[in-house]
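Read through the structure below, which is laid out as structure tokens, and then see the notes.
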Amino acid sequence: MPELPEVETIRRDLSTRVVDKKIIALDARDHKVADKNLAKILVGKKFIKIERRGKLLAFLLSDGQYLLAHLKMTGQLIYKEKRTRSKEKIVAGGHKISPSDLQVPNNFTRVIFSFVDKSQLFFNDMRRFGYLKLASADEKEKIFNENFGIEPLTENFKFKNFSALFARRKTNLKALLMNQKLIAGIGNIYADEACYCAGLLPWRKAGSLTAGELKRLFSSITEVLKVALKNRGTSFDDFVDAQGEKGGHYNFLNVYERDGEKCRRCKSIIKKTRHAGRGTHFCLKCQK
DNA sequence: GTGTTTGTTATCAA
DNA sequence: CTTGATAACAAACA
């Protein structure tokens with residue numbers, strides 16, 4: 001479930017690897033995931049830089065267009081230096097190595113970029129929610145501006161803008177934090193983690209937070225995302241970085257997927273319910 | 001066979 | 001018009 005720290009990890013990894021390399025071939029084998037005329041446009045071009053807004057990546061092409069990439073739930077972007085054998089590897093005992101062992105390409109590989117230096121970029125997506133699509137510079141700018149709210153970890157993320165989102169809002173905290181049009185990049189994991197860090201229950205009405213609580217939440221979001229990014233993201237099943245390696249933040253989670261385990265702060269049991277249609281984890285003693 | 005997982009959007013309701 | 005709540009989507013796993 002790539003959220004801001006995971007997508008930013010991939011952006012940084014790929015920025016040092018695929019930028020400025022000529023694309024010599026494109027294998028778009030799944031037309032649900034990849035724009036139909038992708039190959040026609042991309043072959044012969046280069047990526048100039050990679051931008052990110054929330055969980056959306058935007059690769060600037062040498063012709064001024066953008067390639068937008070969204071990983072949704074199970075998307076992966078994996079870079080390999082050299083062309084790999086395409087046949088599944090057979091290990092001792094005769095069973096095939098599963099896709100989670102990350103041989104690429106595999107059954108879930110939807111698009112393959114081949115670069116002039118023989119390196120390749122694989123877009124995998126088990127559930128096929130993700131996409132690659134082209135957008136003009138204007139279209140990309142419109143999407144960036146209209147679909148995403150304030151961007152954490154940037155200088156646009158100011159307390160004044162942040163607290164304004166909560167005034168008179170009737171929705172609950174969790175739904176607000178995950179609303180991309182208000183705050184960009186937070187999903188289920190970091191919404192729960194930020195609420196725990198701030199000591200606030202996720203079903204609190206947004207408009208009920210005091211100035212002090214808002215201050216705590218504001219700094220908690222920055223802290224949680226910053227640490228997760230430093231640890232290169234959280235991996236459960238699917239997330240891997242551009243080298244195919246799992247993120248290191250799993251063992252630092254305080255509540256997400258820790259229901260039934262002891263709160264690290266007060267030792268009471270972490271509980272799980274459902275809010276905003278999502279699994280929601282919390283410590284009743286530490287969060288009010 | 002059933003329930004569960006989640007990012008985003010469509011749809012309906014207030 | 002704005003805001004909110006919920007179902008739906010896809011696919012695999014326990």
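Quantities reported herein were computed from a predicted structural model and do not represent experimental measurements. Convention: sequence-line order gives letters A, B, ...; per-chain numbering from 1.
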Any pair counted as side chain to side chain donor-acceptor pair (under 3.5 Å), so long as it reaches residues 152-166 of chain A, sequence neighbours left out:
none

What residue pairs, at least two apart or across chains, pass side chain to side chain donor-acceptor pair (under 3.5 Å) with a residue in residues 193-203 of chain A?
none

With sequence neighbours excluded, residues passing side-chain contact (heavy atoms from CB on, under 4.5 Å) with Lys285(A):
Cys266(A), Ser268(A), Cys283(A)

Residue-level proximity of residues 128-136 of chain A to DNA chain C when a heavy atom falls under 4.0 Å
Arg128(A), Phe129(A)

Near DNA chain C, counting only heavy atoms under 4.0 Å, which residues of residues 269-281 of chain A show up?
Arg278(A)

Base, sugar-phosphate, or nothing for Phe239(A), non-hydrogen atoms under 4.0 angstrom?
nothing

Mind running a 4.0 Å heavy-atom check of residues 1-8 of chain A against DNA chain B and sending the residues that fall below it, in number order?
Met1(A), Glu3(A)

Report the distance from atom [atom1] of [X] to atom [atom2] of [N], rounded to the nearest whole Å.
| X | N | atom1 | atom2 | value |
| --- | --- | --- | --- | --- |
| Leu165(A) | dG4(C) | CG | C1' | 16 Å |
| Asn172(A) | dT3(C) | CG | P | 16 Å |
| Ile183(A) | dT8(B) | CD1 | P | 14 Å |

Between Phe148(A) and Arg127(A), the residue closer to the 5' end of DNA chain B by nearest nucleotide is Arg127(A)

Under 3.5 Å, is there a donor on one side chain and an acceptor on the other for Asn188(A) and Lys174(A)?
yes

